[in-house]
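Only one structure is covered here, and it is reproduced in the block below.
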Amino acid sequence: MVKIGRNELCPCGSGKKYKKCCMKAQQESQENLNELYYKRYNIRLKEEKDIEGIRRAGDLVVRTLDMVSELVQPGVSTEHINQRVHEFTVNNGAVPAPLNYSGFPKSVCISVNEVICHGIPGEYELREGDIVNIDVTSWLKGYCADASRTFKVGEVSEEAAELVDVAYHSLRHGLEQVASGNTIGDIGWAIQSHAEGRGCSVVREMVGHGVGFEFHEPPQVPHFGQKGNGIVLVPGMVFTVEPMINLGGRELQVLEDKWTAVTKDGSLSAQFEKTIAVTAQGCEVLTPWE
Ligand code: MF3
Ligand code: CO
Ligand code: CO
């Protein structure tokens with residue numbers, strides 16, 4: 001968010017200094033919005049200093065994903081990736097958010113092929129042709145950021161590559177809707193239209209979420225929906241968009257371990273995730289991986 005200096009000209013065009021003109025009214029309207037969003041939706045809007053904290057956590061998450069991208073090779077175990085993520089996070093003064101979160105046993109989620117999300121790292125060794133989502137969430141100086149990417153292990157089948165491309169573009173279309181005045185439904189609508197338009201399905205049970213002060217906070221951000229539905233986006237909202245896209249049906253099943261979510265029909269699933277802030281100008285991605 002660009003800050004107007006107290007002594008600069010007021011943006012309303014009065015010709016007066018900002019502090020002598022609209023400054024107070026604007027501060028009050030932001031305070032009213034904070035209160036309204038908290039009372040009505042339990043959403044805690046973020047100030048510039050909070051966004052800066054989440055941006056720093058996000059920068060570390062991006063660097064972690066870049067680091068793991070080099071590890072994604074046939075023969076590498078998901079537990080090895082978990083250890084590297086853990087070390088890298090701690091060595092950068094941060095804490096891996098997944099570890100012990102509601103009892104999750106590892107520092108990162110790694111979801112291979114038909115695993116939709118929340119895969120637990122273990123002995124499994126990556127194989128040529130796999131697609132693997134690595135979902136990194138870090139706490140840095142009291143702020144949390146969350147992002148994931150799906151990687152291809154060596155050469156993958158044409159249908160796997162197509163699915164990864166659909167998931168990637170689904171996220172992009174969702175993020176394009178993030179602007180003050182749009183709604184949460186606009187995001188889901190854009191994602192669902194793209195993914196279903198390309199013959200894939202969208203998981204319903206798992207959604208994007210507010211993030212920053214906590215790992216998961218309100219609002220929920222579904223990856224399906226209708227234009228114009230849901231909460232209106234306002235500056236200071238920070239949340240994830242993280243569509244999970246299946247090649248087959250959208251139904252999900254959670255394994256005995258209580259975490260691993262897989263497609264019911266065994267078809268492949270892919271996901272990409274970013275943390276994004278709504279600003280007065282539009283939006284800012286706080287985990288800008290590419
Ligand atoms: N990172 C996941 C998300 O995008 C949540 C993982 S919860 C965990 O929301 F406990 F499995 F880490
Ligand atoms: Co998330
Ligand atoms: Co995540």
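Being a predicted model, the structure only gives us computed values, none of them experimental. Just follow the structure's listing: the first ligand is 1, and inside any ligand the first atom is 1.
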Within 45° cone and under 6.0 Å: Arg204 NZ/CZ vs Phe224 ring: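 Yes, Arg204 lies over the aromatic ring of Phe224.
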Would one find an N or O of [X], backbone or side chain, under 3.5 Å from an N or O of ligand 1?
X: Asp146; result: yes
X: Glu273; result: yes
X: His118; result: no

Atoms of ligand 1 less than 4.0 Å from [X] heavy atoms?
X: Trp259; value: 8 (C), 10 (F), 11 (F)
X: Thr137; value: 1 (N)
X: His209; value: 3 (C), 4 (O), 9 (O)

Is the closest heavy atom of Met206 to ligand 1 under 4.0 Å?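 For ligand 1, residue contact (heavy atoms, under 4.0 Å) with Met206 is absent.
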Can you tell me the protein heavy atom closest to [atom] and the distance?
atom: atom 12 (F) of ligand 1; result: Pro98 CB, 3.1 Å
atom: atom 4 (O) of ligand 1; result: Glu242 OE1, 2.7 Å
atom: atom 9 (O) of ligand 1; result: His216 NE2, 2.8 Å

2.8 Å cut-off met by an N, O or S atom of His216 to the Co ion (ligand 2):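 Given the 2.8 Å cut-off, His216 does not count as a ligand of the Co ion (ligand 2).
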I'd like to know: is the Co ion (ligand 2) within the 2.8 Å range of an N/O/S atom from Asp135, strictly under that distance?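 Coordinating: no.
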Side-chain donor-acceptor pair present, [X], [Y], cut-off under 3.5 Å:
X: His80; Y: Glu125; answer: no
X: Gln30; Y: Asn34; answer: yes
X: Asn133; Y: Ser148; answer: yes

Which atoms form the tightest heavy-atom contact between Gln192 and Gly225, and what is the distance?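 Closest heavy-atom pair between Gln192 and Gly225: OE1-N, 3.0 Å.
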For a quick test of reading the model, state the closest non-hydrogen atom pair linking Ile54 to Val211 and the distance between them.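 That closest heavy-atom pairing would be CD1-O, 4.2 Å.
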Classify the ring geometry between Phe215 and Tyr101 as parallel (under 30°), tilted (30 to 60°) or perpendicular (over 60°).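 The rings of Phe215 and Tyr101 sit tilted, inter-plane angle from 30° to 60°.
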Name the orientation class of the two ring planes belonging to Phe272 and Trp289 (parallel below 30°, tilted from 30 to 60°, perpendicular beyond 60°).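 Taking Trp289 first and then Phe272, their aromatic rings sit tilted (interplane angle of 30° to 60°).
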Would you kindly confirm whether Phe104 and Met244 end up in one hydrophobic cluster when ILVMFWY residues are joined by side chain heavy atoms under 4.5 Å apart?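 Phe104 does not cluster with Met244.
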Common cluster, Val76/Tyr124, ILVMFWY with side-chain heavy-atom separation under 4.5 Å: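 Yes, same cluster.
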Give the atom name of whichever N/O/S atom in Glu273 sits closest to the Co ion (ligand 3).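 Within Glu273, restricted to N, O or S, the Co ion (ligand 3) is closest to atom OE1.
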Could you name the option among Asn133, Val108, Val207, Asp135 that has the heavy atom nearest to atom 1 (N) of ligand 1?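 The nearest heavy atom belongs to Asp135.
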Hey, is Cys109 touching ligand 1 through its side chain, its backbone, both or neither, going by heavy atoms under 4.0 Å?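 The part of Cys109 near ligand 1 is the side chain, not the backbone.
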Checking contacts here: is it the side chain or the backbone of Phe104 that comes within 4.0 Å of ligand 1, counting heavy atoms only? Could be both or neither.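 The answer is the side chain of Phe104.
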Shortest-distance N/O/S atom, Glu242 versus the Co ion (ligand 2):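 Per the distance ranking, Glu242 contributes OE2 as its closest N/O/S atom to the Co ion (ligand 2).
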Of all N/O/S atoms in Asp146, which lies nearest to the Co ion (ligand 2)?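 Atom name of the closest N, O or S in Asp146: OD2.
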Using a strict cut-off of less than 4.0 Å between a Lys/Arg side-chain nitrogen and an Asp/Glu carboxylate oxygen, indicate whether Glu205 and Arg250 qualify as a salt bridge.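 Salt bridge absent between Glu205 and Arg250.
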